[in-house]
Every structure is written in C-alpha cells, then in structure tokens.
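From a predicted model like this one, the values you see are computed outputs, not experimental measurements.
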Amino acid sequence: MRSDAIKKGYERAPHRSLLRATGLVDADFDKPFVGIANSQVDIIPGHVHLAEYGRIAKEEIRRAGGVPFEFHTIGVDDGIAMGHEGMHYSLPSREIIADSVETMMNAHQLDALVCIPNCDKIVPGMLMGALRVDVPTVFVSGGAMKAGHKADGTAIDLATAFEAVGKRALGQMTDAELYEIECRACPSPGSCSGMFTANSMNVLCEAMGIALPGNGTAIALSPEREALVRRAARRAVEIAGDERFRMRRIVTADALWNALVVDMAMGGSSNTVLHLLAIAREAGVALDLHTIEEVAGRVAHVAKIAPSLSTVHMEDVGRAGGVAAVLHEVARRGDVVRGGALTVTGETVADRIRGAEATDRSVIRPIDAPYSPVGGIAILHGNLAREGAVVKTAGIAPGLRRMAGKAICFDSQEAAVAGITGGRVRPGHVVVIRHEGPRGGPGMVEMLAPTSLIMGMGLGDQVALVTDGRFSGATRGVCVGHVSPEAAEGGEIALVRDGDEIVVDVDRRSLELVVPEDELARRRAAWTRPAKEVRSRWLRRYAAMVSNASTGAVLRSG
C-alpha cells in the first residue's frame, strides 16, 4: 500500500509513534489509510451539515477494515459573497482547495480518498486535487436542498430572491413580499435547489463515474443521501490500492465526454465549462471549447430545470429517474453516450443506465420531443470573442436567441449595478461589463446581481449582457460570459464604446462587435490597461499567474 511509506519498517518507528498518538493500534498498520476531504463550513448552507456526513464516513471506513483520516478544506458561498469584494475570492478558492487536497494526501501518503464537497468551486477544486494525487477516490456530495415554497404553494429558490430585489427596486414588490421570499427561498441545508453550479457539478460527478448513482439528485439530510455516504465510504476501502480505480483511470476522455453530454441534456450552469476545462487539464485529457461545442450539437436538451424558465428542481429530477434516466434517454440517439467508461463501482456507464427509463415525462422529455435538439450551453465566437464565450441557452426564451443593441459599458460589476438601478440601462441596450475576468477582476466574479436586477426590473427580454466575468448557475436571459481574450489582456471587449452595435446570435454561435476593423485598430493602438488597485497579495499572485476563461482560468505553472 502507498501508506507503507509512513508505517512499515523499523525506520518508520517515529512515524508510527506519532500515529499511535492519534489513537492507532498495532492492527491498524496493516489496514489501508483512507483520507476524507470534508468541506464542512458553518457559513455555507450546502456544507453546514457535512460534519455529520464526515462522522458517518469515518464509521463506515472503520467497519469496512480501513483507517479513516479526516481533513477539511475552505469554502466560499457564492451567494453570500455576491455583490461585494468577497466575490473576488470565489474562483481563486478552487486553487486553494485543489492544493490542500494534494498537500494532505501526498504529505501523508494515504491510500484512497473520499471527497465530501457540495458547492461551486469546492467540487471542482477537490476533483482537481484528487486527480493530482491519483489514488482511488469516491465523491459523495452533501445533496441539494429542497425547493422553497411561498404561502400560496409557488415553488421558489435563490434565484427568486435575487430577482425579487430588482422588483423591489422598481416598487413592484412590497417589503413584506420580499421578506416572505427571503425567509422561504432556501428552506434547509443543502446546495441550492435548482440546476445551479453546485448541483450541475454534482450531476457531472455522477456522469463521470467518480460518484455513486444518485449523487446528483438525492436530497440533503434524506435517508437516501445518508445511505450514499455509507456506500461511498465502504467503496473507498474496497478499491484502496486497486490500480484499476486510480482517479486518472476513471476521469478519462470518455468520462469527460459523458459529463458534457449530461450537462447539455440538463442545461447545466455555464460555470461547468470553466471547471471541466480545468479538470481535463489535471487529468491530462485534451479538451477545448470546440469539443464542447461538438457535444452541444449532438445532444438534445431533454430536462429543463430551474432557473431555466422552469419550476422543476433537483428533487423532481430524482423522482423522475435521475441522472441515469437522462443519460438513458439521450443515448437513444446514436452513440452520443460513451457507455464503455468505467465507474468507481466497477460498472460501466452502460451498465448503470441500462433500463433507467424516465418515470415522469414532464421532467425528462423523450428524445424525439426535446426542449431543443441541441444542448443547453453554447460556445460563441466572433470578433468580440476570438477565443470564445459561453452562454446558457437553456435559460433563453425561444424568441430571444438573436439580439442586437447598442453597447452601454461598465468597467466593474459595482458600476453596472449602480447603472442598472439608476435607470441608465434601457430597452435595446447590450450591457458590457469588463475588467472582471480571471486576471482583470481579479478572480472572474459572478454576475448574478446585475442579471437578476435586469430580470427583476422587467428588462430580461429587451436587454442582453456581455462580460469577461462569469455567471451564477442561477442566471437566465441573454447573458454571454467568459469572453476571451478578456479586457485585462487587451481583448476586443476592452475596446467597446458606448453606442457601438453588438449582435448576439445564439443559433449562429456568433458574438460580433459591428465596428469597422480600421476603427478597432485605432482604438487598439491607443488602448492602455487601466490601473486597478488590488490590496490582497494572494489576489495579485493569482492575477499574475491565471489564464483566461477559454482554457479554464487555470494557474500557469511557474
């Protein structure tokens, strides 16, 4: 076993002495040592309950004949960090988490790993770290929260609360109505109830085969979720030291392809593109935006989930058959699902989805009657995004797939929020928010505050938004993010001026700035990057090392 490096031979007597101080006895030194990466954090509703799941995992590892060692990672709640300087730390936290997992596992030479994440940045961060360590690993998330409900029974969620702020700003909602939504939108621990980034990533873990069936949809604090934690912990002991189940042998090109398939079929968060690119890099798999667009063109969108113009939530998808049923449905169209991919249970993906018929066709549509014949995420290119941009098409109403308008430019999210609430943004505008990319932010901040204001103020069908930042999974509407090159590296988005015409054409996969090339050349020659004070030394380091979104906003090696 890998852990023999710290527990076998007379030379390791000092090491064993230290381990005995933690409670180990003679018999333990012949057992596999299993790490538990737990992201329990009191301030994150998706993670506040994970201490109990860590306790359960340790109990099951001991019963299965292993020795558990739990450690913790940091976590950032994007909803709480939204709209202030805290959001600059969200995407960079992915790197800290990956580094932490790598550090703990390799410093102590543990044999296998159970990862207990739940929310955005934390799932991909753990995944990236686990790929570097490359030991048998099982993921089991903390589960989604149930949807909230107003007193009249209307289903609501976090996106409802953000959009309600826009309605309150216009005087279209009373303080009492806003308070009811505030109190009811997030009714329990768990990751936010729709197909936001957290649940998107947990679904993708199941599709990739690194999590057990049900990981994407079993509700937090449910008996089903507790059973998943127990099974995951036992499985980690069973596969410890088994070369077939090393992380990089599970997260292959086929596994990442299947993740993209379910992402497109369910209309996942646009953040999944950012994370899958970064995960592929750690796995040593070639993946780029062109491959993602290829998958999008081959996969029908069969499950529309909140906030994508839907009242369906993760609990509904689970009742309808879950991730396996979604994959089973899209697999009816040729060879789009790569069924030979191995999973941590020892089954192939084909084994998992065989016979997994959808039980509710209002939640998972038949392949011959999808919401769209193509996937719920699209990659756009054009002179405003030479290296690509991302849009969540699942959240766009059918009549809005092409929008043209006059640019109104803001050099930060805060300036955009002030402009929107101050009435500067009007029908026919394309809101441009720049210098918020991975380098320029720094940290590639999420834009849920401005997009929710636009929707809440009734401008969602009349205004588009284009940014080198990114969007929350709760975002809907004509919102194009991840524009690359970003403004901070001199991308064309830095050259846009108020009044320029911008055309967003989703069906043609294009994002164009209607300005003559000679005029753009003059602007480019005169452009200098605006000074931006960044007090944090960590964020300055991050900005100096990070790539743009088209490659996953990964840190370049030194």
Side-chain angles (χ1 to χ4, degrees), residues 45 77-84 86-87 90 120 147-148 150 154-175 177-186 191-200 267 269-271 305-311 313 390-392 394-397 400 403 408 410 412-427 429-433 436 444-467 469-481:
D77 186 293
D78 284 9
I80 297 172
M82 195 75 63
H84 56 86
M87 180 48 68
S90 177
D120 186 19
K150 295 171 68 175
T154 303
I156 59 175
D157 51 43
L158 181 65
T160 313
F162 271 98
E163 291 180 10
V165 173
K167 294 179 180 179
R168 174 62 185 84
L170 283 180
Q172 296 175 354
M173 178 176 285
T174 66
D175 286 339
E177 290 170 324
L178 180 60
Y179 182 69
E180 181 190 13
I181 291 171
E182 173 190 329
C183 293
R184 293 175 176 265
C186 300
S191 49
C192 296
S193 55
M195 194 68 173
F196 308 134
T197 308
N199 290 326
S200 296
S269 164
S270 58
N271 281 320
I305 304 156
S308 295
L309 310 173
S310 173
T311 58
H313 291 83
V390 180
V391 61
K392 182 174 177 175
I396 300 176
L400 303 177
M403 289 188 74
I408 180 168
F410 301 97
S412 69
Q413 178 179 209
E414 292 79 6
V417 168
I420 295 166
T421 56
R424 289 186 58 200
V425 175
R426 299 186 178 90
H429 272 148
V430 176
V431 178
V432 175
I433 306 178
E436 292 288 17
M444 200 178 183
V445 303
E446 284 191 347
M447 301 290 170
L448 184 55
T451 60
S452 297
L453 284 170
I454 287 169
M455 296 303 296
M457 295 172 76
L459 295 170
D461 60 349
Q462 304 168 80
V463 167
L465 192 151
V466 175
T467 181
R470 60 193 179 90
F471 297 114
S472 163
T475 293
R476 59 191 178 98
V478 184
C479 299
V480 181

| message | For a 4.5 angstrom cut-off between non-hydrogen side-chain atoms, does Glu436 reach Glu414? | response | yes
| Using a distance-only test with no angle check, is there a side-chain donor-acceptor pair under 3.5 angstrom linking Asn199 and Ser191? | yes
| Residue from Val480, Val478, Thr451 passing side-chain contact (heavy atoms from CB on, under 4.5 Å) with Leu465 | Thr451
| query | Between the side chain of His429 and the main-chain N/O of Val431, is any donor-acceptor distance below 3.5 Å? | reply | no
| note | Closest non-hydrogen atoms of Gly477 and Met455, given as atom of the first, atom of the second and distance, are CA-SD, 4.5 Å
| said: Does any part of the side chain of Leu453, heavy atoms only, come nearer than 4.5 Å to the side chain of Val165, both counted from C-beta? | reply: yes
| task | Quick one: closest heavy-atom pair of Cys479 and Val391, and the distance? | result | O-CG2, 3.4 Å
| Just wondering, do Met403 and Val430 contact through their side chains at under 4.5 Å, heavy atoms? | no
| message | Please check this pair: side chain of Ser269 against backbone of Ser200, looking for a donor-acceptor N/O pair closer than 3.5 Å. | response | no
| Should Gln413 and Met447 count as side-chain neighbours, where that means a heavy-atom distance under 4.5 Å? | yes
| said: Rounded at 0.5 Å granularity, tell me how far CD in Gln462 sits from CD1 in Ile454. | reply: 11.0 Å
| request: Starting at CZ of Arg426, measure out to CG of Leu459 and round the result to the nearest 0.5 Å. | output: 10.5 Å
| remark: Correct closest heavy-atom pair for Gly267 and Ala394 would be CA-CB, 3.8 Å
| field | Salt-bridge criterion met for Glu182 and Arg168 (N-O under 4.0 Å) | value | no
| request: Considering non-hydrogen atoms only, spot the tightest contact between Ala306 and Asp157 and give its length. | output: CB-OD2, 3.6 Å
| Exercise: identify the closest heavy-atom pair between Asp78 and Ser90 | OD1-OG, 2.6 Å
| task | With the side chain counted from C-beta on, respond yes when Val425 and Phe410 share a heavy-atom pair under 4.5 Å apart, and no when they do not. | result | yes
| message | To the closest 0.5 Å, what do you measure between OG (Ser452) and CZ (Arg476)? | response | 8.5 Å
| field | Inter-residue atom distance Ile433.CD1 - Ile408.CD1, 0.5 Å rounding | value | 10.5 Å
| Inter-residue atom distance Asp120.CG - Asp77.CG, 0.5 Å rounding | 10.0 Å
| Would you say the side-chain atoms of Asn271 pair up with the backbone N or O of Ser472, donor to acceptor, closer than 3.5 Å? | no
| Atom pair CD1 (Ile181) and CZ (Phe162), whose distance is rounded to the nearest 0.5 Å | 13.0 Å
| What is the minimum heavy-atom distance between Met173 and Ala164, and which atoms define it? | SD-CB, 3.6 Å
